[in-house]
Each structure stands twice: as structure tokens, then as C-alpha cells.
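Keep in mind the model is a prediction, meaning the values are calculated, not measured. Each ligand, and each atom within it, is numbered from 1 in the order the structure gives.
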Amino acid sequence: MLIDIKDVEALYGRLDAVHAAARRRLGRPLTLTEKILFSHMDDFETCPAERGKDDVWLRPDRVAMQDATAQMAILQFMTAGMPKTAVPTTVHCDHLIQAYKGAQDDLLVAEDTNREVYDFLHAAAQRYGMGFWKPGSGIIHQVVLENYAVPGMMMIGTDSHTPNAGGMGMIAIGVGGADAVDVMTGQPFSTRMPKVVGVKLTGELSGWTSAKDVILKVAQLMTVKGGTGKVVEYFGPGARAISATGKGTITNMGAEIGATTSLFAYDASMGRYLRATERAAVADLADRHAAALAADPEVEARPEDFYDELHEIDLSALGPQVVGPHTPDLGRAVADLGAEAEREGWPVELTAALIGSCTNSSYEDMTRAVSIARQGAAKGVKAKTTFMISPGSERVHETIIRDGIMDGFNSVGGIVLANACGPCIGQWKRDDVQKGELNSIVTSFNRNFRARNDANPETCAFIASPEIVVAMALAGRLDFDPEADTLQGADGTAFKLAPPTGEELPAGGFISKDAGYEAPRADAPAVEVSPTSERLALLEPFPKLDPVADFKDMPVLVKAQGKCTTDHVSPAGPWLKFRGHLDNISNNMYIGAVNAFTGETGKGRNVLTGETGKDYNQVARDYKGRGIGWVVVADENYGEGSSREHAAMEPRHLGGRAVIARSFARIAEANLKKQGILPLWFADAADYDKVKEDDRVTIEGLADLAPGQPVTAVLRHADGGEDRVRCNHTLNPSQIQWFRAGSALNAIREQQGG
Ligand code: MIC
Ligand code: SF4
């Protein structure tokens, strides 16, 4: 077991006293979210903690980082000069493996092409006391669920799907690298005390419906920004009837509604999973403290009195869902997709079907999915489209090979990819479809932003449960409804697929021979970074800015229209290779943003030279060369999606001063603050329309920037006219310090007298 049981004992031993004090303080019973958060605050008896209002300082028990975000986080950590991380930390190599030919070949290629980065991460992990999970060992969230998730504990991870561990009753929050660095250097993690949403689950999943459909439904109910600043707590008899890994699917995809995290209470399913994954000692402890690892009983009895928002889903009445294209909250029942696709002109013929990813690659998912594949194979039917499987971890992978599940997928033509993110993050070398070609794919992943999987903006990506994806793969069609339609067997007769069946956990136990873990070493040598590397570069501190002079007469580099997710600001796929080199990766800055003035993507006008159709990063470099800062204007939910802090560091590096948006996604806003860019909210959303292409923007009120005090953006138009636009911000006193210092890291250095 890779967890120190003493840490669990110490936490559980304190819970009753902390919860009693918190109940006294609030004068009411506690939700599970409050129980876990209060037990991770330094000063739980006094610290203001009004939901949605106060910022709280928390002490997470653990940090996890994946390779694409760990590089920048570790480069920042190295500037702090600490010998070792202050809390248990792990690094997982999963994002940089490209999917092309299949697991074995792809892994060899990845080890070769990414050698420099893997060596760096490995050396840093060994040196600074971090656990290292080598390439091929699995996707961060699956590996965390299998090895590190502990009910009632708290972790942060440099990946937005960190809430996967909420399926095991843990508060697990996705953050940018700079937040992780705080915790790794022994400082608290700060976030706004979240509002708490209750989702009551009644009934039971059956037939074609699975855990995935619960979150696909919640995404439709709450939308991509409905979870911002909130924790979603699932409860009720239906919740207890879902397996621990199914719960993980639900909490993982809570990232898609912007939730701070999502959470289930400890129950028997988690106990079973802990025991199956060699953590019986944790299960025994959790059984003894079960009441402290769930909301108080009054909360389930009268949820409307304790949650800020309440939803109810009857699992018995929920049918299979499918969401997409281009956004995870555009959904409907599988049965209704055909008609809608025809209306909208989405191709119904599939070009690929993909299952797995961190969201849906449990043993249960794989057994349910293969039960559909086997029915096809028995009738001589093969997948009528490219069909690929990304297992979540080596443990699941080995086990499903032993249990004949891989053979079942192979028998319908499935291609097994490495235990890695692969096509889910755009690491998919696709030869079959040309860029710009309209086509449809269906996956069991969690994200489906434009161009996400294959860098083709014309790919319509839909998301459904693995079993639905396999059924659609056999039919080769998006409009296939397995509950109503038939397939044709090799002998020409029509047959209907029976609903999937699966096993929650392997009857023969998991295989876990060489899982791919390496422990740190006390005598590890210092970490070197080559000054000539194209992939890694040591960081220079960002310059301190003058709150008046540097925020005057700034051109508008980008006014983004519609969605501006982190994938629009700094896409992954081919750019992943520069995640450790700030200047090189900055060449992708705003490459996916749609120009609100011209409709072009990734291009705009240099208002100083008059040149048009220029790449945003080029324009920014020109402004920076002239010593001129610039602003970005955006619509709702700016920075939705990934936790990648590159989306904040690149603009900061190239001279960005402020992002003025109708609203922000939580992690993106936090990342901007950390790196010294001002996130400003239009007080009146309609003011977005007042911004013109050749405006010069001055932000007034920064010299005495104070919490809760609006500032003014003065838009000076080219015709001599002017608009004064009120903007709000959410900076607290420490974040204002970061702004003044030029970044959070600068502020720390100043405090240390450096
Ligand atoms: C994602 O799913 O978008 C990613 C790739 O896992 C990101 C992290 C990254 O960009 O490195 C995330 O979710 O945070
Ligand atoms: Fe990897 Fe996709 Fe999961 Fe992100 S969502 S961690 S890219 S598998």
C-alpha cells in the first residue's frame, strides 16, 4: 500500500471533535463537503467560511501532477529552493503518449520522443521526494483512485479531472501548477468556500443506463458553468447503489460543469473497492468512522434546508444519454439523437468510436462494454468504424487481458492503445480523416470541445457511456438506438443487442505485478535543465508592473467571441511537447480564439502597424517589443476546461495585463491571479458589446485596488468617444499582494526577502 495509514488514523481521530466544533459554530448539521473542508482548515473554529463569500485556507493531504502540467509546476517549485515537497506528491506520465499504432509501439515512440521530459520529471521526482509513475502505468486519475484515494481526505491535482477521487469520498480539487507549488512548499491552498449543490439519486440503474448517464444528465441540467464555485454532493439510496468506480465517473465529469469538485459519502461500495485494491486497512478504518465520512443524517432527511441548490434524478427512469458536439452540456436521450443529427446536418456515419480514458476505464466499464462487443462477435459482426480502447491503468489492463476482455474487443476489431490519455487530449495521429473534413466520432471520454481529439475543427465529437459507444461502433452509426434498433448478423438476419452486463470488481482479483511505480531516493542528484533545450527552460520571474503606468492605453489583443476555453487559449495535442518551455509554447497563444470583429480564428489586427490577419502571438510579441501591454476581452466562462496554467502564463509572458470577461471558470481565474494578470468581470454583461477593435483601454483604480471594490475600464474609441465600464474582481488581500508583486511567486520571494 502506498498510503501511510498513520496519516489516515491521525485525520480520522480528529474528525468527531472538529465536526462537533463546526456544528456549534454554524448552529446546524453539516454537509459532507463542510465536514471535509473544516477538517482541513488550520483555524476551523474562527476562520470566516460563509459559502460563496469567504476565501478559506486549506491543508490538503496530497498533491498529484500529470506530466503535461508537472513540468511547469516543478520548474516553479525549483525556484523555491526546498529540498523536498512538504506533502506526499506523485507525478504521472500519461498525457504525452501519442496514440497511433497501438499500445506497445506507441509507448516505445513516446519514450523516445519525450525522453528529455521524462528524464527531467523522473530526476525531479527522485530528488524532491515525489512518487513517480512511469509512462504506460496509467492515467493519473485512475492510478490515484486505485492507490491514493481515501474517503474524507483532501487532495489537489494539476489536472481538472482530479475530482475523480470524489468517487471515493475524497475532496479532490483540480488546480493550476502554481497552486500545487504552494502546497508542495508547505503553504495552504486558498479557494472560495464553495456553495454546496445536492443531487439526490433515487431508484437504481438498469438496462442500458450507467453511471455515465447520471453525469451526462447533470451536465444538461446545470450547463458548463452551472457548477462554478460549487461542490456537488450526491446522496440518497441511488447513490449507494452505484459502484465506487461508477461514482468516480460521475465526479470526474463534474469538471465539465465547472464544479470545484463533486463528492459521494463513504459507503459499502467504496469499502469493497478499497479491499480489492489492497487497501483493506483503510477500509477498516473508514468503516469505523463511517458517520464522520458522510453528511449528518438531517441533511439527507431535509436536503432543502442545507444545500444551496437541489436536484433529483430517478435512476430507474433515466435512459442512456449522449452529449455533443463541441460542448458537454448539449445533450439528449440516445433515442433522440438521430432526428436531431439530421436536422443539424451532423454526419450520422461514424468515423471512429473510442472508449476508456480517465473517466470510464474501470473493470466494470470494460466488462459492460465487452458484453456488447461479444454479442456482435457471436453474430459475426465487426465494428463498422475505427474502434479504439484506452485502458486507464496497467492494473486494469493486465486484469482485462487475463479475463479475456481484451480478446472480446479484439474479436470485433478493437485496437488497444497505451494506458494513457491518447486521443482524449488530442494525442491521436489520425490518417483516415483530413483536417477540415466534416465527420462524427463518439467517445466515452469527458471533453468534446472543437478540435480537441484530432485537431480537426470539423469533427463532431459526441460523448456517451462505453456500452453505448460499443453499440454505435457495431452499427457504425450515430443514430443507432440499441434499445429500439437491430443490427444485421453475418448470416443476414436482424438481431437486437441485449442490455449490457458487467462485474463491479474482478472475481479473480486485480493483477498488480509491475504497476510502474518508482519511489523517491534520498541520495538523488541535482536536477539539470539544458540551456539549449527546446522542450524545457528554467523560468525567469515576471516583471513587477506599475498599477497606473502599465495599465494605460492598452490595445485589445483579442476580443473573443463565444466559447474561449483553455483549449482555445493554449491547445494541447501537438503543443504538448512545449509544456516545459514557456517561450516556445507561447506560439500557440489564442490560436483557437474566434475574433469577435472578423470571425477569424487565432488571428487579429496589429492596431499599431495596421496589419491584419496576424497570428495573435505575433501581434502580442510586437506589442511587447514596444513595451506596450494589452488586454483580452471575453464572453462567458472564460478558460473553461483544463487546469493548464500555460493559458495564464503565456499571456503574462507576452505582455497581457488584464482579461475582462463576462465570467470566468474557477481554475482559469485562479491561474490568472497567480501569474499576475488581472481577471476583471464586466459588472454589466452588455458592456462586452462596447469594446471596439481599435480601442485603447485604461484601467482606473488599481493604485488602491481593494477587495470587493470595483475598478473602471475606460474604453477610448478611435473616433474620440469614450465609454466608462465598471468591472468587478474577486481578489482577496493576498491575491492583491500577488498582483502588486507581479505574480504569486514574486510575492513569496519578496516575503522571504529575496
Ligand atoms: C484535459 O483533460 O483537458 C487535460 C489535458 O487533462 C487538462 C490538463 C492539461 O492541459 O495538461 C486538464 O483537464 O486539466
Ligand atoms: Fe487525460 Fe482525457 Fe482524462 Fe484529461 S480528461 S486526464 S486528457 S484522459
Side-chain angles (χ1 to χ4, degrees), residues 64-73 91-99 117 121 133 135 138-145 156-165 172-177 179-180 215 248-249 251-256 258-259 261 328 354-362 365 388-393 417-428 443-453 461 463 565-580 585 588 592 639-650 665-668 670-671:
M65 302 188 285
Q66 42 89 343
D67 49 3
T69 47
Q71 299 170 56
M72 215 36 110
V91 176
H92 304 258
C93 297
D94 53 359
H95 279 60
L96 301 179
I97 303 171
Q98 194 177 52
V117 169
L121 294 174
W133 289 82
I139 307 175
I140 178 169
H141 311 302
Q142 185 64 32
V143 173
V144 165
L145 197 74
I156 57 168
T158 59
D159 190 281
S160 67
H161 292 104
T162 304
N164 195 63
I173 301 181
V175 299
D179 274 313
I215 184 62
T249 296
T251 59
N252 174 306
M253 257 195 96
E256 268 51 63
T261 193
L354 306 111
I355 62 169
S357 90
C358 64
T359 334
N360 270 106
S361 51
S362 63
D365 287 330
M388 302 204 259
I389 303 108
S390 308
S393 71
L417 301 174
N419 310 320
C421 302
C424 179
I425 200 197
Q427 286 276 52
W428 180 16
T443 79
S444 72
F445 306 164
N446 42 22
R447 293 218 196 282
N448 60 351
F449 302 141
R450 235 179 230 286
R452 160 95 180 178
N453 303 114
I463 301 173
T565 72
T566 38
D567 279 18
H568 293 76
V569 182
S570 173
W575 292 95
L576 281 170
K577 59 175 172 297
F578 298 122
R579 283 290 184 89
I585 198 163
N588 77 359
E640 171 186 347
S642 163
S643 65
R644 61 189 76 135
E645 62 191 333
H646 307 75
M649 295 179 89
E650 293 174 28
R666 175 187 60 87
I667 307 179
N671 287 343

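For the pair Q66 and ligand 1, the shortest N or O to N or O distance falls below 3.5 Å. Polar contact check, S643 against ligand 1: a nitrogen or oxygen pair lies under 3.5 Å apart. Checking only distances, S160 does come within under 3.5 Å of ligand 1, N or O to N or O.
Nearest to atom 6 (S) of ligand 2 by heavy atom, out of H95, H92, Q66, is H95. Selection from C424, G392, S160 by nearest heavy atom to atom 2 (Fe) of ligand 2 gives C424. Comparing M72, M65, E256, R452 by heavy-atom distance to atom 1 (C) of ligand 1, the nearest is R452.
Atoms of ligand 2 found under 4.0 Å from any heavy atom of I425, numbered from 1 in the order shown, are 7 (S). Heavy-atom proximity to N446, at under 4.0 Å, picks out these atoms of ligand 2: 5 (S). Listed by number with element, the atoms of ligand 1 under 4.0 angstrom from any heavy atom of S642 are 3 (O), 7 (C), 8 (C), 9 (C), 10 (O), 12 (C), 13 (O), 14 (O). Taking every heavy atom of R579 and a limit of under 4.0 angstrom, the matching atoms of ligand 1 come to 9 (C), 10 (O), 11 (O). Listed by number with element, the atoms of ligand 1 under 4.0 Å from a non-hydrogen atom of A68 are 11 (O). Close contacts between ligand 1 and H95 involve ligand atoms 4 (C), 5 (C), 6 (O) [criterion: under 4.0 Å to a heavy atom]. For ligand 2, the atoms sitting less than 4.0 Å from at least one non-hydrogen atom of D159 are 6 (S), numbered in the order shown with element in parentheses. Remark: ligand 2 atoms within the under-4.0 Å shell around heavy atoms of H161 are 4 (Fe), 5 (S). Interface atoms of ligand 1 facing H161, defined by a heavy-atom separation under 4.0 Å, are 2 (O), 13 (O). Residue contact check: H141 has heavy atoms under 4.0 Å from atoms 6 (S) of ligand 2.
By the criterion of a heavy-atom distance under 4.0 Å, the side chain of I425, and not its backbone, is placed next to ligand 1. Proximity of D94 to ligand 2, defined as any heavy-atom pair under 4.0 Å, is not found for any part of the residue. Contacts between T359 and ligand 2 below 4.0 angstrom, taking non-hydrogen atoms only, are absent altogether. At a heavy-atom distance under 4.0 Å, no atom of E256 approaches ligand 2. With a 4.0 Å cut-off on non-hydrogen atoms, R447 does not touch ligand 2 at all.
Between the S160 side chain and the V175 main chain, no donor and acceptor come within less than 3.5 Å of each other. Between the side chain of S444 and the main chain of G356, a donor-acceptor pair closer than 3.5 Å is present.
Taking each heavy atom of I140 and M65 in turn, the nearest pair found is CD1-C, 3.6 Å. Between C358 and N252 the shortest heavy-atom distance is SG-ND2, 3.2 Å. The minimum heavy-atom distance linking A165 with V144 is given by the pair CB-CG1, 4.3 Å.
Distance from atom 6 (O) of ligand 1 to its nearest protein heavy atom, with residue and atom name: D159 OD2, 2.6 Å. The protein non-hydrogen atom at the shortest distance from atom 10 (O) of ligand 1 is R644 NE, 2.5 Å.
A distance of 7.0 Å separates NE2 in H646 from OG in S570, rounded to the nearest 0.5 Å. Here N419 contributes atom CG and I97 contributes atom CD1; the two are 8.0 Å apart, rounded to the nearest 0.5 Å. Distance check, rounded to the nearest 0.5 Å: OG1 of T443 to CG of N360 gives 9.0 Å. Atom CG of D179 sits about 10.5 Å away from atom OG1 of T158, to the nearest 0.5 Å. Atoms CD1 and SG, from I463 and C424 in turn, are 8.0 Å apart once rounded to the nearest 0.5 Å. Here CZ of R579 is found 7.0 Å from CD of Q66. Values are rounded to the nearest 0.5 Å.
Only one option out of R447, R644, R450 pairs with D567 in a salt bridge (Lys or Arg N to Asp or Glu O under 4.0 Å); it is R644.
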Checking S362 against D365 for the side chain to side chain donor-acceptor pair (under 3.5 Å) test, could you report, in this order, the C-alpha distance in whole Å, the side-chain angles of both residues, the deciding distance, and whether it holds? CA-CA 5 Å; S362 63; D365 287 330; 3.1 Å; yes
Test H95 against D159 for side chain to side chain donor-acceptor pair (under 3.5 Å), laying out the working first. CA-CA 11 Å; H95 279 60; D159 190 281; 3.3 Å; yes
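Residue contact annotation: C421 places no N/O/S atom under 2.8 Å from atom 2 (Fe) of ligand 2. Note on C358: counted as a metal contact of atom 3 (Fe) of ligand 2, an N/O/S atom lying under 2.8 Å.
Between H92 and W133, the ring planes are parallel. Angles under 30° get that label, and only those over 60° would be called perpendicular.
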